[in-house]
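Note that the coordinates shown come from a computational prediction; the quantities given were computed from them, not determined experimentally. Both ligands and their constituent atoms are indexed starting at 1 by order of listing.
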Amino acid sequence: MTQGMRKGLTSYGDPDFSLFLRKAFVKAMGLSDDALNRPLVGIANTFSDYNACHGNVPKLVEAIKRGVMLAGGLPMEFPTISIHESFAHPTSMFLRNLMAMDTEEMIRAQPMDSVVLIGGCDKTIPAQMMAAASADVPTILIPVGPMLVGNYQGEQLGACTDCRRLWSDFRGGRIGAGEIEAINERLAPTAGTCMVMGTASTMACLVEAMGLALPGSASIPATHADRLRCAEATGKEAVALATAQAPCATALMTPASFRNAMVVLQALGGSTNGLIHLTAAAGRCGIKLDLAEFDRLGREVPVLVDLKPSGDHYMEHFHWAGAMPRLLRELGDFLDLDAPTVTGGTLRDYADGAEMVKGQTVIRPRSAPISPRGSMAVLHGNLAPRGAIIKQSAASAALMTHTGRAVVFESVEDLTLRIDDPALDVTAADVLVLRNAGPIGAPGMPEAGYLPIPRKLATQGVKDMVRISDARMSGTAFGTIVLHITPEAAAGGPLALVRNGDSISLDVPNGRIELLVEPAVLDRRRADLATTPASGPAPAPERGYAALFHRSVLQADEGCDFDFLVPGHESRT
Ligand code: FES
């Protein structure tokens, strides 16, 4: 197989001239033939001034390069898109597939014998997994690592579960403007990703569980020296991958490793977004994740990790309790420990290497779980023919079986305009419904599924209600919230047929979500909708990436990837 600088030559009709020209330009950087004859390790640099979570990336790149050179390779750093949750309009999910395409094409276009992908903030690792599967060169991921915790008035604080809790307290009048400003300074005290078990932490843990990253790499704090040593070791491993004719990424992204990831997702109390991202990455490998299997695992695999938002602690506590290797060891026979890893060994090696920390309570034994069931349950019913999901580990036990009156919002904009209207006809027993917030309708399926409690109820002390939507929710959020209703309203899903005052039944133990309206009435409403289209969905964009997105994005049960990027998938248009 062609290696090094000879890989993927630019086409001028004369390969020797192409190599001659390439070397002439690369030598402009002062590189010698000795350097150019070494194994080439690409390093995807995702630093951006718009991405504070990736603030440590320059240091990580330096350490990875050191590791590559110590092992006799030549590091070649290159930039890709970087996405931060709070700096991406309309939502970071809208850009995930663009980052996946950018990363895939840059890996494919440029000569590299292996690649190190530095990911972190929520959508970056998913985009890189998708890219790695499609480009399919030997790949190792390294997360940027989580932030350290913040402190305020003797209480530990973390982005962004506590952002939401304290903002709710502010909305409910329980804390004042001065205090919320002071808290704002403390919630994200260092570089690194959100330090709760949000989407970033979840995805970092999942890539480690799939053997795509080194053991322990998910949770070393972003600012600790160990993180740099991990980066150096990652660089060394990348050279081993480049020289040993090592397996490409898809050799590690197998049905067994995706099933392992689903087990870990349930045990972590992980983010609901993790399921969409795993589905998308699996789709790139021609693997269909089975929602029924995921639901079954949710009934068998307990939540073992005591981290917010399902529990009490933060990522640095998880790390010092033994991190992913300890969790893998506790999960034991739920997992396929013979699954291969990027080190050339198996997942069993990761588990066997776990630090057994005496007296720790963050990673529970199976005999004393946080919750006997996994973090998520899958729902079906006439409201969600292709499924919906609820994070049961972060929901209110009293609302897991509930029937209430629908209070409908047509779109995220409608929600914003009316949720705090004192005249809104709503009680704590109602079910808040948000539609046209899915992949096509919003567009980009924003994290709007965490509908705020209407102010007039928040000030009365109401902290949770049943909320349902075709949107996503931040992994850091909590509440009795049904998400990813599929198909979405804008794609003709029955969520579009709900009217104010309808009864909606949620039955999590039996996996059901139903609109209690006669089928004949729903048929009439569907016919009405065909003649008078709803006002909620965003209009179809006419140009650019937005038009491509609108035309090609798949539903949540297919990972919201683009149809033309999934092998064997038919185009929607
Ligand atoms: Fe980047 Fe939370 S905002 S991980």
Side-chain angles (χ1 to χ4, degrees), residues 44-58 60 80-96 99 117-129 141-150 156-167 183-208 213 217-223 227 265 268-274 276-277 307-310 313-316 318-319 391 394 444-450 472-478:
N45 182 341
T46 51
F47 177 78
S48 161
D49 280 340
Y50 289 100
N51 192 346
C53 297
H54 288 212
N56 63 341
V57 166
L60 292 180
T80 70
I81 294 173
S82 188
I83 308 169
H84 184 276
E85 282 304 290
S86 299
F87 284 87
H89 177 80
T91 168
S92 60
M93 187 65 174
F94 181 67
L95 298 171
R96 183 202 64 178
M99 182 173 177
L117 301 174
I118 308 172
C121 196
D122 291 20
K123 306 304 175 293
T124 56
I125 286 181
Q128 292 172 334
M129 290 173 77
L141 281 113
I142 177 167
V144 297
M147 297 175 203
L148 296 176
V149 296
Q156 290 191 323
L157 296 182
C160 244
T161 303
D162 297 312
C163 314
R164 294 172 205 286
R165 176 175 62 81
L166 294 163
W167 186 251
I183 289 165
N184 188 258
E185 308 241 319
R186 307 278 181 89
L187 281 162
T190 71
T193 48
C194 292
M195 61 295 233
V196 297
M197 191 49 76
T199 304
S201 301
T202 299
M203 295 311 301
C205 290
L206 296 187
V207 290
E208 189 176 325
S217 62
S219 55
I220 304 166
T223 49
R227 171 67 48 193
L265 181 56
L268 285 172
S271 164
T272 47
N273 290 317
I276 290 187
H277 298 318
L307 255 63
K308 291 190 176 191
S310 299
H313 299 286
Y314 298 92
M315 280 299 276
E316 65 187 87
F318 175 63
H319 185 66
K391 188 170 184 175
M445 204 180 182
E447 291 184 341
Y450 179 77
R472 294 177 304 114
M473 174 175 87
S474 165
T476 63
F478 49 89

Inset, instruction - Give a yes or no answer on whether the side chain of Asn45 reaches the backbone of Thr80 with a donor-acceptor pair at less than 3.5 Å. - result: no

Inset, instruction - Report yes or no: does Thr193 contribute a side-chain atom to a donor-acceptor pair with the main-chain N or O of Gly120 at less than 3.5 Å? - result: no

Legend entry - Inter-residue atom distance Met129.CE - Met203.CE, 0.5 Å rounding: 4.5 Å

Inset, instruction - Considering only NZ, NE, NH1 and NH2 on the basic side and carboxylate oxygens on the acidic side, decide whether Lys123 and Glu447 come within less than 4.0 Å. - result: yes

Inset, instruction - Determine the minimum heavy-atom distance between Val144 and Gly192, stating which atoms define it. - result: CG2-CA, 4.4 Å

Legend entry - Separation between OG1 of Thr199 and CD of Glu85, rounded to the nearest 0.5 Å: 7.0 Å

Legend entry - If only protein N, O or S atoms under 2.8 Å count, total around atom 1 (Fe) of ligand 1: 2

